[in-house]
Amino acid sequence: MDTSITVKVISGLVILLLIIRLLGKKELSQFTPFDFVYLLVIGGFLEESVYDEKVSVWEVLYTIILWAILIYFIEAIVRKFDKIKPIIKGEPAIIINDGELNIKELKRNKLESEQLRTMLRQQGIFSIKELKFAILEPNGQLSIMKNEAYSPVTAEMLHLHPAKSSLSHLLIDEGRIKEKNLKFIDKDREWLLSQLNKEGYRDIQEIFYAEWSEESGFTIKTNS
(Lines give C-alpha, C1' and ligand atoms only; values in the text may rest on other atoms or scores of the structure.)
Protein backbone atom coordinates (compact mmCIF):
# COMPACT_ATOMS: atom_id res chain seq x y z
CA MET A 1 0.00 0.00 0.00
CA ASP A 2 1.26 3.48 -0.86
CA THR A 3 2.34 5.15 2.38
CA SER A 4 1.76 8.60 0.87
CA ILE A 5 -1.99 7.90 0.78
CA THR A 6 -1.94 7.04 4.48
CA VAL A 7 0.01 10.18 5.33
CA LYS A 8 -2.33 12.33 3.22
CA VAL A 9 -5.44 10.93 4.88
CA ILE A 10 -4.05 11.25 8.43
CA SER A 11 -2.77 14.78 7.76
CA GLY A 12 -6.09 15.80 6.25
CA LEU A 13 -7.99 14.43 9.25
CA VAL A 14 -5.79 16.27 11.75
CA ILE A 15 -6.14 19.59 9.92
CA LEU A 16 -9.88 19.04 9.52
CA LEU A 17 -10.25 18.56 13.28
CA LEU A 18 -8.27 21.76 13.86
CA ILE A 19 -10.54 23.67 11.49
CA ILE A 20 -13.64 22.38 13.28
CA ARG A 21 -12.12 23.65 16.54
CA LEU A 22 -11.53 27.02 14.88
CA LEU A 23 -15.22 27.21 14.07
CA GLY A 24 -15.98 26.89 17.79
CA LYS A 25 -18.31 24.62 19.74
CA LYS A 26 -21.26 24.68 17.39
CA GLU A 27 -23.82 22.07 16.60
CA LEU A 28 -24.28 21.31 12.92
CA SER A 29 -27.60 23.13 13.07
CA GLN A 30 -25.72 26.29 14.09
CA PHE A 31 -23.37 26.24 11.11
CA THR A 32 -23.93 29.01 8.59
CA PRO A 33 -23.68 28.25 4.84
CA PHE A 34 -20.24 29.87 4.94
CA ASP A 35 -19.10 27.40 7.64
CA PHE A 36 -20.23 24.46 5.50
CA VAL A 37 -18.25 25.84 2.56
CA TYR A 38 -15.09 25.71 4.69
CA LEU A 39 -15.53 21.99 5.27
CA LEU A 40 -16.71 21.17 1.75
CA VAL A 41 -13.63 22.80 0.21
CA ILE A 42 -11.36 20.82 2.54
CA GLY A 43 -13.18 17.67 1.48
CA GLY A 44 -12.62 18.62 -2.15
CA PHE A 45 -8.91 19.15 -1.55
CA LEU A 46 -8.55 15.70 0.01
CA GLU A 47 -10.71 13.92 -2.54
CA GLU A 48 -8.73 15.27 -5.47
CA SER A 49 -5.29 14.76 -3.97
CA VAL A 50 -5.32 11.50 -1.99
CA TYR A 51 -5.14 9.19 -5.01
CA ASP A 52 -3.33 11.59 -7.32
CA GLU A 53 0.30 10.49 -7.39
CA LYS A 54 1.35 13.80 -8.96
CA VAL A 55 0.30 15.60 -5.80
CA SER A 56 2.83 15.18 -3.00
CA VAL A 57 2.09 14.98 0.70
CA TRP A 58 3.73 18.37 1.20
CA GLU A 59 1.50 19.97 -1.41
CA VAL A 60 -1.56 18.58 0.34
CA LEU A 61 -0.33 19.85 3.71
CA TYR A 62 0.49 23.28 2.27
CA THR A 63 -2.95 23.59 0.67
CA ILE A 64 -4.89 22.52 3.73
CA ILE A 65 -2.78 24.56 6.17
CA LEU A 66 -3.10 27.65 3.95
CA TRP A 67 -6.87 27.16 3.86
CA ALA A 68 -6.94 26.75 7.65
CA ILE A 69 -4.96 29.97 8.11
CA LEU A 70 -7.35 31.84 5.80
CA ILE A 71 -10.32 30.52 7.78
CA TYR A 72 -8.68 31.59 11.04
CA PHE A 73 -8.16 35.15 9.79
CA ILE A 74 -11.67 35.38 8.36
CA GLU A 75 -13.15 34.20 11.67
CA ALA A 76 -10.97 36.69 13.57
CA ILE A 77 -12.03 39.55 11.30
CA VAL A 78 -15.69 38.61 11.61
CA ARG A 79 -15.44 38.61 15.43
CA LYS A 80 -13.62 41.95 15.50
CA PHE A 81 -15.62 43.95 12.97
CA ASP A 82 -19.38 43.82 13.41
CA LYS A 83 -20.04 45.54 10.07
CA ILE A 84 -18.33 42.73 8.16
CA LYS A 85 -20.12 39.89 9.96
CA PRO A 86 -23.49 40.31 8.14
CA ILE A 87 -21.73 40.27 4.78
CA ILE A 88 -19.86 37.02 5.44
CA LYS A 89 -22.02 35.18 7.96
CA GLY A 90 -25.39 36.72 7.24
CA GLU A 91 -27.78 38.22 9.80
CA PRO A 92 -31.21 37.41 11.23
CA ALA A 93 -34.19 38.59 9.19
CA ILE A 94 -37.59 39.34 10.72
CA ILE A 95 -40.03 37.55 8.42
CA ILE A 96 -43.11 38.09 10.61
CA ASN A 97 -43.16 41.28 12.65
CA ASP A 98 -45.87 41.76 15.27
CA GLY A 99 -48.15 39.38 13.41
CA GLU A 100 -47.58 40.94 9.98
CA LEU A 101 -45.81 39.09 7.17
CA ASN A 102 -42.81 41.09 5.93
CA ILE A 103 -42.99 40.46 2.18
CA LYS A 104 -39.89 42.55 1.50
CA GLU A 105 -37.73 40.40 3.83
CA LEU A 106 -39.32 37.26 2.45
CA LYS A 107 -38.24 38.19 -1.10
CA ARG A 108 -34.84 39.50 -0.01
CA ASN A 109 -34.02 36.12 1.52
CA LYS A 110 -35.28 34.24 -1.56
CA LEU A 111 -37.89 32.47 0.56
CA GLU A 112 -41.15 31.40 -1.06
CA SER A 113 -44.44 31.50 0.81
CA GLU A 114 -44.85 27.72 0.67
CA GLN A 115 -41.30 27.23 1.95
CA LEU A 116 -42.15 29.45 4.91
CA ARG A 117 -45.33 27.47 5.54
CA THR A 118 -43.34 24.22 5.47
CA MET A 119 -40.86 25.56 8.02
CA LEU A 120 -43.74 26.66 10.24
CA ARG A 121 -45.52 23.31 9.99
CA GLN A 122 -42.32 21.57 11.10
CA GLN A 123 -42.66 23.55 14.33
CA GLY A 124 -46.34 22.74 14.74
CA ILE A 125 -47.60 26.08 13.37
CA PHE A 126 -50.30 25.80 10.71
CA SER A 127 -51.27 29.45 10.27
CA ILE A 128 -49.34 32.73 10.26
CA LYS A 129 -51.99 34.25 12.54
CA GLU A 130 -50.64 32.06 15.36
CA LEU A 131 -47.36 34.00 15.34
CA LYS A 132 -46.25 37.33 16.70
CA PHE A 133 -42.67 37.12 15.43
CA ALA A 134 -40.73 34.81 13.12
CA ILE A 135 -37.01 35.33 12.57
CA LEU A 136 -34.99 33.63 9.85
CA GLU A 137 -31.60 32.89 11.40
CA PRO A 138 -28.26 32.99 9.48
CA ASN A 139 -28.16 29.17 9.53
CA GLY A 140 -31.50 29.00 7.71
CA GLN A 141 -33.58 27.94 10.70
CA LEU A 142 -36.72 29.76 11.80
CA SER A 143 -37.12 31.08 15.35
CA ILE A 144 -40.69 31.88 16.37
CA MET A 145 -42.66 33.62 19.08
CA LYS A 146 -46.30 32.68 19.29
CA ASN A 147 -49.12 35.19 19.58
CA GLU A 148 -50.32 35.51 23.17
CA ALA A 149 -53.70 34.00 22.27
CA TYR A 150 -52.00 30.83 21.00
CA SER A 151 -49.29 30.54 23.67
CA PRO A 152 -49.52 27.68 26.19
CA VAL A 153 -50.74 28.51 29.69
CA THR A 154 -47.90 29.19 32.12
CA ALA A 155 -47.70 28.89 35.89
CA GLU A 156 -47.46 32.66 36.13
CA MET A 157 -50.79 33.06 34.30
CA LEU A 158 -52.43 30.73 36.83
CA HIS A 159 -50.68 32.43 39.76
CA LEU A 160 -48.92 29.22 40.68
CA HIS A 161 -45.50 28.93 42.30
CA PRO A 162 -43.77 25.78 41.03
CA ALA A 163 -40.72 24.44 42.84
CA LYS A 164 -37.42 25.94 41.81
CA SER A 165 -35.55 23.81 39.27
CA SER A 166 -31.84 23.06 39.52
CA LEU A 167 -29.16 21.32 37.51
CA SER A 168 -28.72 17.59 38.09
CA HIS A 169 -25.30 15.93 38.36
CA LEU A 170 -24.33 12.37 37.43
CA LEU A 171 -22.59 10.91 40.50
CA ILE A 172 -22.54 7.19 39.68
CA ASP A 173 -22.21 5.76 36.20
CA GLU A 174 -22.30 1.97 35.77
CA GLY A 175 -21.17 1.34 39.34
CA ARG A 176 -18.35 3.91 39.23
CA ILE A 177 -18.31 7.10 41.30
CA LYS A 178 -17.77 10.27 39.23
CA GLU A 179 -15.20 11.96 41.46
CA LYS A 180 -14.99 15.04 39.23
CA ASN A 181 -18.72 15.67 39.49
CA LEU A 182 -18.62 15.21 43.26
CA LYS A 183 -15.88 17.80 43.49
CA PHE A 184 -17.89 20.17 41.30
CA ILE A 185 -20.78 20.18 43.80
CA ASP A 186 -18.39 20.47 46.77
CA LYS A 187 -19.16 16.96 48.05
CA ASP A 188 -16.94 13.96 48.76
CA ARG A 189 -17.13 10.17 48.61
CA GLU A 190 -18.07 9.89 52.28
CA TRP A 191 -21.06 12.20 51.77
CA LEU A 192 -22.20 10.20 48.75
CA LEU A 193 -21.94 6.84 50.53
CA SER A 194 -23.80 8.25 53.52
CA GLN A 195 -26.63 9.61 51.35
CA LEU A 196 -26.92 6.36 49.41
CA ASN A 197 -27.05 4.45 52.68
CA LYS A 198 -30.01 6.61 53.73
CA GLU A 199 -31.67 5.76 50.41
CA GLY A 200 -31.20 2.06 51.15
CA TYR A 201 -28.21 1.35 48.89
CA ARG A 202 -25.08 -0.12 50.45
CA ASP A 203 -23.32 -1.58 47.40
CA ILE A 204 -22.28 0.93 44.76
CA GLN A 205 -21.76 -1.86 42.24
CA GLU A 206 -25.49 -2.55 42.15
CA ILE A 207 -26.21 1.03 41.02
CA PHE A 208 -26.18 1.54 37.28
CA TYR A 209 -27.10 5.23 37.29
CA ALA A 210 -27.41 7.82 40.05
CA GLU A 211 -27.94 11.53 39.60
CA TRP A 212 -28.48 14.21 42.23
CA SER A 213 -29.87 17.73 42.27
CA GLU A 214 -30.17 20.17 45.12
CA GLU A 215 -33.93 20.49 44.71
CA SER A 216 -34.97 16.93 43.78
CA GLY A 217 -32.36 14.83 45.57
CA PHE A 218 -31.37 11.44 44.11
CA THR A 219 -32.65 9.61 41.05
CA ILE A 220 -31.27 6.06 41.11
CA LYS A 221 -31.47 3.16 38.69
CA THR A 222 -30.08 -0.24 39.73
CA ASN A 223 -28.73 -2.99 37.49
CA SER A 224 -31.68 -5.22 38.22
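Note: hydrogens, waters and symmetry copies are ignored here, and every other heavy atom, side chains too, is used.
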Is any side-chain heavy atom of [X] less than 4.5 Å from a side-chain heavy atom of [Y]?
X: Asn147; Y: Leu131; value: no
X: Phe126; Y: Leu120; value: no
X: Leu171; Y: Leu182; value: yes
X: Ile185; Y: Trp212; value: yes

Evaluate side-chain contact (heavy atoms from CB on, under 4.5 Å) for Ile125 paired with Lys146, printing each intermediate quantity in order.
CA-CA 9 Å; Ile125 306 297; Lys146 285 188 175 183; 3.3 Å; yes
Could you tell me how the ring of Phe184 sits relative to the ring of His169: parallel (under 30°), tilted (30 to 60°) or perpendicular (over 60°)?
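Correct class here is tilted.
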Is the backbone N or O of [Y] less than 3.5 Å from a side-chain atom of [X], with the two atoms forming a donor-acceptor pair by type?
X: Glu199; Y: Leu196; answer: no
X: Asn181; Y: Leu170; answer: yes
X: Ser213; Y: Ser216; answer: yes
X: Asp203; Y: Gln205; answer: yes
X: Asp173; Y: Arg176; answer: no
X: Asn197; Y: Leu193; answer: no

Heavy atoms only: give me the nearest [X]-[Y] pair and the separation to one decimal.
X: Ala93; Y: Glu105; answer: CB-OE1, 3.3 Å
X: Gln115; Y: Glu112; answer: OE1-N, 2.8 Å
X: Leu142; Y: Gln123; answer: O-NE2, 2.6 Å
X: Glu211; Y: Ser168; answer: OE1-OG, 3.7 Å

Evaluation steps, side-chain contact (heavy atoms from CB on, under 4.5 Å), between Ile94 and Leu136:
CA-CA 6 Å; Ile94 301 177; Leu136 185 65; over 6 Å; no
Distance in Å, [X] [atom1] paired with [Y] [atom2], rounded so as to fall on 0.5 Å steps:
X: Asn102; Y: Leu106; atom1: CG; atom2: CG; result: 8.0 Å
X: Lys221; Y: Tyr209; atom1: NZ; atom2: OH; result: 12.0 Å
X: Leu116; Y: Met119; atom1: CG; atom2: CE; result: 7.0 Å

Just checking [X]: does its [atom1] atom have more than 12 heavy atoms from other residues, nucleotides or ligands closer to it than 6.0 angstrom?
X: Ile103; atom1: CD1; value: no
X: Glu179; atom1: CD; value: yes
X: Glu114; atom1: CD; value: yes
X: Glu100; atom1: CD; value: no

Return the set of residues passing side-chain hydrogen bond (donor to acceptor under 3.5 Å, both in side chains) with Thr118 (not counting sequence neighbours), or none when no residue passes.
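Only Arg121 meet the side-chain hydrogen bond (donor to acceptor under 3.5 Å, both in side chains) criterion with Thr118.
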Test side-chain contact (heavy atoms from CB on, under 4.5 Å) on Asp98 and Lys132 and set out the steps.
CA-CA 5 Å; Asp98 201 16; Lys132 189 166 187 178; 3.3 Å; yes
Test Ile135 against Ile96 for side-chain contact (heavy atoms from CB on, under 4.5 Å), laying out the working first.
CA-CA 7 Å; Ile135 301 173; Ile96 296 175; over 6 Å; no
In the single-linkage hydrophobic clustering (I, L, V, M, F, W, Y; side-chain heavy atoms under 4.5 Å), do Trp191 and Ile172 co-cluster?
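Yes: a chain of side-chain contacts under 4.5 Å links Trp191 to Ile172.
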Consider only side-chain heavy atoms of I, L, V, M, F, W and Y, link residues closer than 4.5 Å, and tell whether Phe218 and Ile204 are in one cluster.
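Yes, it is one cluster - the side chains of Phe218 and Ile204 are joined through contacts under 4.5 Å.
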Run the side chain to side chain donor-acceptor pair (under 3.5 Å) check on Thr222 and Glu206 step by step: do they pass?
CA-CA 6 Å; Thr222 61; Glu206 69 175 311; 5.8 Å; no
